[in-house]
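Written below as structure tokens is the structure these notes are about.
Values in this document were obtained by computation on a predicted structure and should not be read as measured data.
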Protein chains: 4
Amino acid sequence: MQGRPRDPALDAAIHQAALDLVAERGYGRMTMEGVAARSGVSKQALYRRYSAKGDLLLAALDSVGREVFPVPDTGSLREDLLRMVTAAFALHRDSNSAFSQAVAAEAAQGSDFARKAVDSVINPRRELFREVITRARERGEVTFADDDVLIDLIYGPMWYALLFDFDRLTESYAASITDAVVAAGQPA
Amino acid sequence: MQGRPRDPALDAAIHQAALDLVAERGYGRMTMEGVAARSGVSKQALYRRYSAKGDLLLAALDSVGREVFPVPDTGSLREDLLRMVTAAFALHRDSNSAFSQAVAAEAAQGSDFARKAVDSVINPRRELFREVITRARERGEVTFADDDVLIDLIYGPMWYALLFDFDRLTESYAASITDAVVAAGQPA
Amino acid sequence: MQGRPRDPALDAAIHQAALDLVAERGYGRMTMEGVAARSGVSKQALYRRYSAKGDLLLAALDSVGREVFPVPDTGSLREDLLRMVTAAFALHRDSNSAFSQAVAAEAAQGSDFARKAVDSVINPRRELFREVITRARERGEVTFADDDVLIDLIYGPMWYALLFDFDRLTESYAASITDAVVAAGQPA
Amino acid sequence: MQGRPRDPALDAAIHQAALDLVAERGYGRMTMEGVAARSGVSKQALYRRYSAKGDLLLAALDSVGREVFPVPDTGSLREDLLRMVTAAFALHRDSNSAFSQAVAAEAAQGSDFARKAVDSVINPRRELFREVITRARERGEVTFADDDVLIDLIYGPMWYALLFDFDRLTESYAASITDAVVAAGQPA
DNA sequence: TGTTAATCGAGACGGTACGTCTTGTCTTTCG
DNA sequence: CGAAAGACAAGACGTACCGTCTCGATTAACA
């Protein structure tokens, strides 16, 4: 038998409260208690859904959907990458920095959050770059063996900057990284 | 100054307790209370020295000293880098992963810890790579404009992996990153 | 009345579960939640029958029936009382102490449970003593005006002991109380 | 070594809050949370002192002191008892009924509260009656063997009434009980 | 040689959040 | 409609840390 189904309106309220609190006060100050209070949901209803703060974070991030920037196809790897890297850096630097820091903070705690985050947040965005690289490889612009390493050359420095030097994610830095990746894609 | 001087033995005890707790239980479970209890030091004496958990972490890491791997000078950028990257990855993958995650966790909290960590932990290690790159540039092996970007291509992916995929830091991954950096250093 | 009739089997299951829980864990730990779980009945079905914990307790006690000890008629007040008091004390001291404490606990909460309990549990047992006293009064063994006061002299100390000193309800204590009541029945 | 001593002002605040809440809302609604909030004391400070609700109750009752009615010595057992029983019944019927019910409620829970309550609340009051009975015994007014049983004949019915029929504790009931005890004290 | 001032341990203190539990109500599906 | 299942708001439970604050007892350096 089934019982009363969970109220989907509560999910929305919970996610919104969580996102608001992260944005306003930072992930460290987003407490389960605070989310419950803000969303007007009982703690029980909250814990029934998310036993850990990280689960709530991922679900909340999922609920807003991935605002995927369109994958460009200009015929030039450098141009394609430049647009995407610039967009990615801008995205994390501006509106979503609090969320990125939240993901980093939770991932660094060492639980299995990292694995979940990879599946739902990290990897999907990597795929966009893989598309671009695959097309460039077909055009002969990329001979470097491993796509994933090239993508790491982009996202690695980005998360590194999110951890240690927030302000580094400028447009010119995006251009530098792009240049480096393009060069790395075609070893001598 | 007047009054009883601080007991230096307490510093050692505090640092040791902090490091032990991070290693055993993770940074998230290293509490000020726990450090005080473990080291047999009063909370007052602890807070007199470190007003924040992050300060304690940095001081404790400093106290063990930087076990700097020797900077190689083989005459080949690829060889020099390969050794250093492999050593760096191994270091963070093995013994010190808990400490690296601790630094990442605290840095992601968004306070000014990140700046302090950069000064005391992050930058000093970058300088080692800068030496190698500088020598390679003199030999004509590097024409890429910005040394820091090249170093970011190494440490970025490393911290990225420490956050999201711990096991990626293999020797073969070190080789791939080295290849990519060498190629990026000499754009066509 | 319309609709599906209540399943009488549920009442039995509920009562049994309630009694079991009181006996095993004490009345304070007999929760509505626990009774529902133990009896396999939904909380709704439980609350539909008993709006309060006390109602459930009384119903459960009623369901097991009153194991009324036979009222003796030996021709001697002292002998009649001695048997009844001894039996009553033994009953509450041994098997049913948990239930007596449950009744006391609920009565002390100050709701109108006390009144209900008097009707269904307390007074019926008093009537047995009234019979004996009435017969003794006809024989001239009792001249004290108020039967109820004499009965209070028996049940008062018994409940007093159930509250504060459980072990006092021995056979010799029953004899002492009996002596006192007999004496009180015939003021000089 | 000793550490910071407990603040005695907090004890007073806690006791007062506890007594207020019992009087206002009943013992069942006197929660540890409520006492902490009302007294402005942290839950920690509260639990440091009293691990159980019953301990708090006894301490609070102790703190107000035993408002001992003066033990009369009129030369007549009946007169002495009448005054004391009347006073005792009035006391529990009027101002302190909520506290008496609280003691009964906790005692009925079956923990070792009962034993503690006997020591601090129940027995001290019995001693007053023992004095009177002892003097009467010296005057030859009491020949019944056991003082404690006579005292049970008073306090038993009183607590019995507090549990089940609050309004019974009238002056005329006090007189009836007194008569019965006097008679029981001098068996034919 | 005291005095003075900062240290030390121990631990109390007001807060805040934790995660669990129970209460009594309500919604769903099934029979 | 009754019943099982279980979601729900409310709110108390007892615990854990936070960072601050007394205590009384040690130390030095200064007077």
Contact check, residues 28-44 of chain B vs DNA chain E, heavy-atom distance under 4.0 Å, returns B:Gly40, B:Val41, B:Ser42
Is the NZ or CZ atom of A:Lys53 both under 6.0 Å from the centre of the six-membered ring of A:Tyr27 and within 45° of that ring's axis?
yes
Would you be so kind as to tabulate the donor-acceptor pairs closer than 3.5 Å made by side chains of residues 6-14 of chain D, with sequence neighbours excluded?
from: D:Arg6; atom 1: NH2; to: D:Arg48; atom 2: O; distance (Å): 3.4
from: D:Asp7; atom 1: OD1; to: D:Ala9; atom 2: N; distance (Å): 2.9
from: D:Asp11; atom 1: OD1; to: D:Arg49; atom 2: NE; distance (Å): 3.2

So salt bridge (Lys or Arg N to Asp or Glu O under 4.0 Å) across residues 103-114 of chain D, not counting sequence neighbours, yields D:Asp112-D:Arg115
Applied to residues 23-41 of chain C, the salt bridge (Lys or Arg N to Asp or Glu O under 4.0 Å) test, sequence neighbours excluded, yields C:Asp20-C:Arg38, C:Glu24-C:Arg38, C:Glu33-C:Lys43
Can you give me the N/O atom pairs linking the protein to nucleotides 2-5 of chain E at distances under 3.5 Å, or say none if there are none?
from: E:dA5; atom 1: O4'; to: B:Gln2; atom 2: OE1; distance (Å): 3.1

CD (A:Gln16) and OG (A:Ser63) are apart, to the nearest 0.5 Å, by 7.5 Å
Distance col, row A:Gln2:CD vs A:Arg4:CZ, nearest 0.5 angstrom, shows 13.0 Å
I want to check something: taking the side chain as every heavy atom from C-beta on, are C:Leu46 and C:Val35 in contact at a cut-off of under 4.5 Å? yes
* Asked: Would a 4.5 Å heavy-atom cut-off, applied to side chains only, mark D:Phe164 and C:Val103 as touching?
  -> yes
Winner on side-chain proximity to D:Arg48, out of F:dG2, E:dC13, E:dC8, is E:dC13
Ranking C:Ala52 and B:Pro5 by the position along DNA chain E of their nearest nucleotide, the one closer to 5' is B:Pro5
[N] [atom2] sits how many Å from [X] [atom1], rounded?
X: A:Tyr47; N: E:dT22; atom1: OH; atom2: P; result: 17 Å
X: B:Leu46; N: F:dT20; atom1: CG; atom2: C1'; result: 13 Å
X: B:Arg49; N: E:dT7; atom1: CZ; atom2: P; result: 8 Å
X: A:Tyr50; N: E:dT20; atom1: OH; atom2: C1'; result: 20 Å
X: D:Arg25; N: F:dG11; atom1: CZ; atom2: C1'; result: 11 Å

Residue set satisfying side-chain hydrogen bond (donor to acceptor under 3.5 Å, both in side chains) with D:His92, at least two apart, ordered chain then number -> none
With sequence neighbours left out, the residues meeting ring-ring contact (aromatic ring centres under 6.0 Å, His included) with D:Phe99 are none
A correct dot-bracket answer for DNA chain E, with pairs being Watson-Crick or G-U at under 3.5 Å, [ ] for crossing pairs and | for inter-strand pairs, is |||||||||||||||||||||||||||||||
Note: contacts of residues 6-22 of chain D with DNA chain F (heavy atom, under 4.0 Å) are none
Hits for side chain to side chain contact (heavy atoms under 4.5 Å, CB included) against C:Ser97, two or more places apart or cross-chain, chain-then-number order -> C:Phe166
Those residues at least two apart in sequence (or on a different chain) that pass side chain to side chain contact (heavy atoms under 4.5 Å, CB included) with A:Ala104 are A:Trp159, A:Leu163, B:Ala108, B:Leu163
Compile the donor-acceptor pairs under 3.5 Å between side chains in residues 54-61 of chain B and protein atoms, sequence neighbours left out, one pair per line.
from: B:Asp55; atom 1: OD1; to: B:Lys116; atom 2: NZ; distance (Å): 3.0

